[in-house]
Trainee: 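Okay, handing you the structure first.
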Amino acid sequence: MSIKAFTLVSAVERELLMGDKDRINIECVECCGKNLYVGTNDCFVYHFLLEEKSLPTGTATFTATKQLHRHLGFKKPVSELRAASALNRLLVLCDNSITLVNMKNLEPIPTGARIKGAVTFALNENPVSGDPFCVEVCIISVKRRTIQMFMVYEDRVQIVKEVSTPEQPFAVAVDGHFLCLALTTQYIILNYNTGLSQDLFPYCSEEKRPIVKRIGRQEFLLAGPGGLGMFATVAGISQRAPVHWSENVIGAAICFPYVIALDDEFITVHSMLDQQQKQTLPFKEGHILQDFEGRVVVATSKGVYILVPLPLEKQIQDLLASHRVEEALVLAKGARRNIPKEKFQVMYRRILQQAGFIQFAQLQFLEAKELFRSGQLDVRELISLYPFLLPTSSSFTRSHPPLHEYADLNQLTQGDQEKMAQCKRFLMSYLNEVRGTDGPNGYKEDIDTALLKLYAETNQDSLLDLLVTENFCLLTDSAAWLEKHKKYFALGLLYHYNNQDAAALQLWVNIVNGDIHDSTRSDLYEYVVDFLTYCLDQELVWKYADWVLQKSEEVGVQVFTKRPVDEQQNSFNTDDVINCLKKYPKALVSYLEHLVIDRRLQKEAYHTHLALLYLEEVLQQRPSANGKGAEAATTQAKLRSLLQKSDLYRVHLLIDKIQGTGLHMESAILHGKLEEHDKALHILVHELKDFSAAKDYCLWSSEGRDHPYRQRLFHMLLTIYLSAGPSDCELVVATVDLLNHHATEFDAAQVLQLLPDTWSVQLLCPFLMGAMRHSIHTKRMTQVALGLAKSENVIYRCDKMKLKGNSVWLSDKKLCQMCQNPFCEPVFVRYPNGGLVHTHCAASRHTNPNSPSPGNRT
Amino acid sequence: MKKPDVKIVLLGDMNVGKTSLLHRYMERRFQDTVSTVGGAFYLKQWRSYNISIWDTAGREQFHGLGSMYCRGAAAIILTYDVNHLQSLLELEDRFLGLTDTASTDCLFAIVGNKVDLSEDQEKDEVSSEQASSSCVSTKVPKQVKLEDAVALYKKILKYKMLDEKDVPAAEKMCFETSAKTGYNVDHLFETLFDMVVPVILRQRAEGPPQTVDISDYKQPKQAKSGCCA
Ligand SMILES: Nc1nc2c(ncn2[C@@H]2O[C@H](COP(=O)(O)OP(=O)(O)OP(=O)(O)O)[C@@H](O)[C@H]2O)c(=O)[nH]1
Ligand SMILES: [Mg+2]
């Protein structure tokens with residue numbers, strides 16, 4: 001799993017340093033900004049200026065121009081160089097002594113300050129002193145098992161601490177108060193301030209050169225057993241898994257997120273993020289590998305080279321190009337710290353999107369969806385993969401450079417229908433989810449139109465849901481598509497949504513008529529009726545009224561009867577409707593019922609019309625009474641109920657019509673309407689012989705009337721009963737029943753006069769008792785009322801006495817509470833609280849709201 | 001990189017199946033492995049906590065790294081191979097000493113792996129996945145019994161000078177697993193996760209996690225001397 005993370009370029013050619021002098025070797029290098037220093041075995045320090053140039057191909061090259069070189073005056077090699085740019089000093093270790101020289105001219109400083117007896121040294125990159133003009137230097141002393149800490153200033157050095165170690169140290173790195181040391185048999189962390197130490201792990205420094213490299217705050221990279229690169233914190237913990245180098249590793253450097261290692265044949269690059277080896281560069285005879293503020297320098301004994309990192313973006317793109325999504329994302333995430341936030345976000349989003357398409361192409365839809373979502377993909381990028389889904393009018397063009405390599409879905413699936421179907425299912429669910437959010441991808445028309453097309457094409461019921469809820473489907477595009485896929489019902493919905501109800505209805509009517517075929521709804525006719533019922537366009541309702549009525553009178557009439565109440569009142573002319581319904585008798589009855597019963601229209605014509613229609617029907621049904629018993633009975637019940645409840649129809653007309661038809665009950669009702677109760681009761685008692693009907697008649701006819709009216713009716717009935725004489729047994733029973741059950745409806749005294757003397761008290765016992773009870777009750781109630789009225793009267797009289805009781809003294813000393821002037825006349829106004837004011841003041845108080853109210857004063 | 005809240009470390013001789021166990025749990029698969037070099041770790045999100053699980057190398061060469069890996073660990077899984085008695089003995093001789101750097105209330109689990117290879121599993125312990133395995137004929141009697149692991153657990157408590165009453169019972173902390181069939185693997189890890197959650201909560205209550213105060217440093221106990229009393 002390799003990746004190209006670095007390119008190796010030459011910085012200082014051999015000729016620049018030594019020409020053809022073969023015995024001269026590079027011992028150490030230091031790089032600080034553009035300054036490159038090289039120390040040699042013949043005790044020279046060279047200073048170069050590094051110039052970076054980028055080639056058109058994107059890779060960088062370096063040219064080094066020599067500034068000067070100076071001999072340090074020893075016979076020993078220069079073994080280490082360190083720049084302290086804040087002090088303008090270069091620290092040079094040569095012959096176990098660290099001298100300070102000027103960074104610019106390489107002259108030793110005049111004071112001659114130096115650190116003696118150093119085997120090797122390290123700068124504290126996380127200094128503790130806080131003094132910017134001081135560097136902290138840690139040396140491994142020539143004294144056995146001794147470490148010394150120095151403060152180095154511009155022209156002096158000062159020892160601050162000496163610590164002895166349990167074993168001889170071989171290498172050191174510093175972070176704050178912590179020293180990371182390679183001892184003879186192990187690595188340890190030593191706090192030079194407290195003297196406390198922490199073992200890390202065993203390592204035999206005499207057998208193999210140890211590596212101790214600070215890689216960041218409180219973290220070090222160490223050479224471990226078996227060629228491991230081990231990470232350890234100052235707390236003695238490993239927070240990252242080790243990287244695996246070769247056994248003979250010489251040096252290590254960090255260039256985030258990579259760990260670079262050098263052995264005698266290769267430079268290897270591992271990622272700190274996943275510990276994998278990412279790149280191997282052949283490099284023979286290298287002996288120095290160091291990083292300086294992010295710049296990685298390698299050197300052989302003859303030349304200096306620079307490892308130029310490829311831009312992370314390029315690396316990530318390379319990974320994506322080889323479909324290594326995981327690694328690309330890890331790398332991108334790892335780069336977060338090193339790239340400005342804004343730039344990072346743009347880059348990262350794009351990478352997520354690209355990664356999403358890679359997953360998508362592998363039909364890893366769950367992963368793809370997550371990536372698209374977190375990458376805030378413009379959904380149109382995805383839609384545009386599917387041929388013909390984007391509306392023709394869409395302004396969308398794919399982003400450039402492209403997010404993926406596919407022209408369209410056909411290419412991506414290579415024509416595999418099953419895969420294609422899966423992709424479509426994914427897009428449907430994805431778009432459906434996107435629609436629900438109001439994120440940045442608000443291309444509603446494009447999304448909804450695409451969804452509509454997918455639904456139509458794949459026969460989804462969701463198509464209808466889409467069209468009946470708020471949507472942004474583009475009309476022309478969607479209409480053509482629905483027509484193509486014969487989704488005529490849906491097409492109608494689309495027209496309706498776009499306020500083209502006429503077109504919608506025409507389509508649906510054609511479907512019902514079988515002119516075009518679409519089986520979406522089996523109840524389409526009912527749907528159309530319902531639609532018309534709620535349709536605000538009157539013309540459309542009229543246009544299709546005949547059509548719906550022809551299909552079914554009962555259902556069709558609903559377009560008139562079921563309309564929302566508030567709309568009905570001021571739109572449809574009822575006479576027009578009645579006129580239209582003439583041809584459809586059942587519909588007409590329904591409609592009139594609707595007017596009379598539901599809407600309670602108080603118009604004689606409707607009531608009469610409806611009554612006549614009922615009557616007609618009853619009469620028609622009667623000859624074949626057996627067959628349609630139930631139906632006839634319901635119509636008759638309706639007729640009776642109408643005759644009873646309505647007061648508007650033309651009674652005489654109906655009486656004429658009903659004459660001789662034998663509809664006794666109905667004619668009784670009609671007579672009742674004319675206040676001809678005598679006749680009506682006569683019919684009920686003598687023609688119909690229905691005594692309970694007669695009694696009911698008395699009850700409902702007197703509904704809402706006063707008691708005497710009802711009493712009159714009952715007496716009338718009683719008279720009719722009694723007039724038949726005692727011979728009619730049936731009537732006698734009826735009479736007794738009536739009296740006993742409705743005692744209170746009668747005036748008992750009158751009744752007693754009418755009854756034949758021969759009737760026993762026993763027979764009429766319930767009646768008599770009822771009458772008595774009623775009479776006594778009335779008497780007592782009256783007495784109670786009388787008593788209450790009397791006491792009320794007494795209370796009022798008492799109040800009056802109290803009010804009259806006190807006299808009011810008016811003297812010169814009394815002032816009007818409003819104007820504070822004395823009273824000059826014996827006329828005054830007295831407020832209930834006792835305050836006295838002039839009559840004129842009292843009057844003005846009502847006109848002048850600002851004047852103080854005497855009522856509130858005390 | 002997410003900061004782990006707590007650390008669990010797998011220890012045990014090479015080839016006992018540490019990597020395979022972790023792989024089975026994290027990736028839900030059994031796959032060919034190569035002997036681990038140095039160590040590797042996984043981050044597991046458990047409820048709202050991040051648990052780092054370190055897989056160490058059993059090879060003698062990397063033995064020295066163990067102490068560092070165990071430093072501050074909240075739980076250590078000592079792994080052996082049920083068909084290989086020596087691997088259990090090694091736990092006591094070689095690995096127990098490494099755990100001195102673990103946190104003072106560190107939990108110990110003892111795990112016998114590769115039970116799929118031995119024939120005397122109790123019937124009801126047989127995982128369904130494995131029931132029809134083709135390697136029936138190659139099965140051998142288990143070399144290490146669960147009681148041996150329990151005995152080791154008790155020895156560890158003695159070595160750590162812990163009272164049996166203060167720690168989970170041996171029966172709860174000795175597991176037999178198979179990375180190959182997946183038998184008992186989830187149970188092992190999730191039991192431990194549930195047990196370390198209170199540790200995380202305690203750490204959080206006490207202050208910044210992941211800082212080990214090296215002033216607590218003690219001279220390491222003589223690990224090699226072991227606990228054979
Ligand atoms: N039959 C069987 N084989 C297993 C099981 N677990 C691991 N193995 C095999 O045992 C061998 C070693 O497994 P690893 O997981 O690499 O062992 P390890 O403990 O990580 O070894 P080191 O990394 O060297 O310490 C591999 O060949 C595995 O396939 C198991 O449960 N059953
Ligand atoms: Mg392993």
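In the text below, chain A, chain B and the rest are named by the order of the sequence lines, each starting its count at 1.
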Trainee: Ignoring hydrogens, what is the shortest heavy-atom contact between A:Ala232 and B:Met68? Give both atom names and the distance.
Mentor: CB-SD, 3.9 Å

Trainee: Identify the heavy atoms of B:Leu65 and A:Pro225 that sit nearest to each other, and give their distance.
Mentor: CD2-CD, 3.8 Å

Trainee: Count the heavy atoms belonging to other residues, nucleotides or ligands that lie under 6.0 Å from NZ of A:Lys208, then report whether that count exceeds 12.
Mentor: yes

Trainee: Quick check on A:Phe231 against chain B: is it the side chain, the backbone, both or neither that has a heavy atom closer than 4.5 Å?
Mentor: backbone

Trainee: Can you establish whether the number of heavy atoms outside A:Arg349 located under 6.0 Å from its atom CZ is more than 12?
Mentor: yes

Trainee: Measure A:Leu228 against the heavy atoms of chain B and call it side chain, backbone, both or neither at under 4.5 Å.
Mentor: side chain

Trainee: What heavy-atom pair brings A:Pro202 and B:Gly64 nearest, and what distance separates the two atoms?
Mentor: CD-O, 3.2 Å

Trainee: Does any part of the side chain of B:Tyr69, heavy atoms only, come nearer than 4.5 Å to the side chain of A:Met230, both counted from C-beta?
Mentor: yes

Trainee: When rounded to the nearest 0.5 angstrom, what is the spacing between CZ in B:Arg71 and CG in A:Asp199?
Mentor: 7.0 Å

Trainee: Below 4.5 Å, heavy-atom pairs only: which of A:Gly224, A:Gly226, A:Gly227 has the largest tally toward chain B?
Mentor: A:Gly226

Trainee: So which heavy atom on A:Ala241 is nearest to which on B:Ala40, and how close?
Mentor: CB-CA, 3.8 Å

Trainee: Are side-chain heavy atoms of B:Trp54 and A:Ser238 found at a separation under 4.5 Å?
Mentor: yes

Trainee: Under 6.0 Å from the CD atom of B:Glu27, do we count more than 12 heavy atoms belonging to anything else shown?
Mentor: yes

Trainee: Please report the interatomic distance OG(B:Ser52) to CZ(A:Arg240), rounded to the nearest 0.5 Å.
Mentor: 13.5 Å

Trainee: Kindly check if the number of other-residue, nucleotide or ligand heavy atoms within 6.0 Å of CD (A:Glu326) is above 12?
Mentor: no

